[in-house]
Amino acid sequence: MTSILITGGQGYVGSTLVRQLAARGARVTVVDNGLVPGARICDPLVTHVAGDIREPGEWQAALRGVDAVIHLAAVVGDPACGLDTDLAWQTNYLGTVRVAEACQKAGVTSLVFASTCSNYGATEDDEEVDVWSPLNPQSVYAQSKIMAEHYLLSLGGSALTAHILRFATVHGLSDRMRFDLAVNVMTAHAVTRKEVAVHGGRQWRPFLHVQDAARALQSALGNTSPTLYNCGSGEENYQMAQIGEIIAREVPGTRVVVQEEASDPRNYRVNFERILRARRFQRRLGVIDSVREIRHAMTQGRYLDFADPKYSNYLTAKDKLTTPAATAPTAVARVFSHTTSV
Ligand SMILES: NC(=O)c1ccc[n+]([C@@H]2O[C@H](COP(=O)([O-])OP(=O)(O)OC[C@H]3O[C@@H](n4cnc5c(N)ncnc54)[C@H](O)[C@@H]3O)[C@@H](O)[C@H]2O)c1
């Protein structure tokens, strides 16, 4: 029986991946420190270990007998990382170093790492970027992911093989729901307010359904040499105004309000041919499917509290910062350090 350890397995992508792997009969160990309110998937094949990736002593023993590690744990998103940049660097860069070292110590030979297309940042024109294109990160989130990639790529030649996937922006329903992701929150606004705001609108972004993101992580497990792929699909590159239009079509009566000023400097249109050719990875779902499933869930009365901070990595971290005991810049790091409740 395959045995996989997933860091950050209570998160948005992680909880979907845990379900998929357990359904396939894999034994799964989740290591998560509950930095954000997550979902613990209950299944006889799934074991949960409360632990911080920065402190391998808390979870190193769980690596015994593991075939591969899928490393998802991170402070995720530009806004959340901006709130406490120390914590972001410690987690996203140093945490990745710690995970790789722990793998090497335990004799695990395969490590899959979730990176991000945010690494491309602000591109100048509408040309597609690929893995060899210049990177122009706009945030500590992307900078820390790039440094983690560099470190993992430098392991080439060692017994540990790293497989890096630069994910498009993910969307869709998951056990741990996030409403700080563009498609999800814009759909929620359309359903509840009959209005969706588009900031700027011309900027390109690629998108990927959370079920497909989880499948892609599994497909990376079969690699025998180090790999770096963009993970998404060419036809799911959209300008943000197009996302507004798709949602307005699917949620009748929705008005699209375009605000001139783009609130996010990121603009990247990404080429995904390499993962298609090398891994035969093809998306099964698209933005339209997420809009429909979120609309359906909300019309059934679910997620009407979508604005609750628990669905947003930034608002969760901000809440922790504004608690009376936590006012210094590194307060989130202190509050979150060694958090084991989930
Ligand atoms: N969601 C997206 O659109 C997207 C896009 C590109 C890349 N990614 C990457 O995919 C991965 C998963 O993202 P997500 O959307 O599921 O985010 P998420 O915030 O829902 O999940 C991250 C998980 O990591 C855990 N975690 C954070 N710090 C930890 C620590 N020090 N020790 C142990 N656990 C810790 C959190 O508690 C959480 O469960 C991340 O690495 C992210 O950078 C996500």
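Indexing begins at 1, ligand by ligand and atom by atom, following the structure's order.
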**Prompt:** Does an N or O anywhere in Phe167 fall below 3.5 Å from an N or O of ligand 1?
**Reply:** no

(request) Ignoring angles and geometry beyond distance, decide whether Asp32 reaches within less than 3.5 Å of ligand 1 through its nitrogen or oxygen atoms. (result) yes

Sub-4.0 Å atoms of ligand 1 with respect to non-hydrogen atoms of [X]:
| X | value |
| --- | --- |
| Arg178 | 1 (N), 14 (P), 15 (O), 17 (O), 20 (O) |
| Lys145 | 40 (C), 41 (O), 42 (C), 43 (O) |
| Gly34 | 37 (O) |
| Thr91 | 28 (N), 31 (N) |
| Gly11 | 16 (O), 20 (O), 21 (O), 39 (O) |
| Gly8 | 23 (C), 24 (O), 25 (C) |

> With no hydrogens and no angle check, do the side chains of Tyr120 and Arg266 hold a donor and an acceptor under 3.5 Å apart?
Replying inline: no

Practice task
For Glu58 and Asn33, test the side chains for any donor-to-acceptor distance below 3.5 angstrom and give the result as yes or no.
Solution key: no

Check your understanding: Taking side chain as C-beta onward, heavy atoms only, is Leu208 less than 4.5 Å from Glu236?
Key -> no

Ring pair (Phe, Tyr, Trp, His ring centres under 6.0 Å) filter on Phe179, not counting sequence neighbours, yields Tyr303, Phe306, Tyr311

Honestly, for Val36 the part within reach of ligand 1 (heavy atoms, under 4.0 Å) is both

Residues joined to Met1 in its hydrophobic cluster, side chain to side chain under 4.5 Å directly or through other members, sorted by chain and number, are Leu45

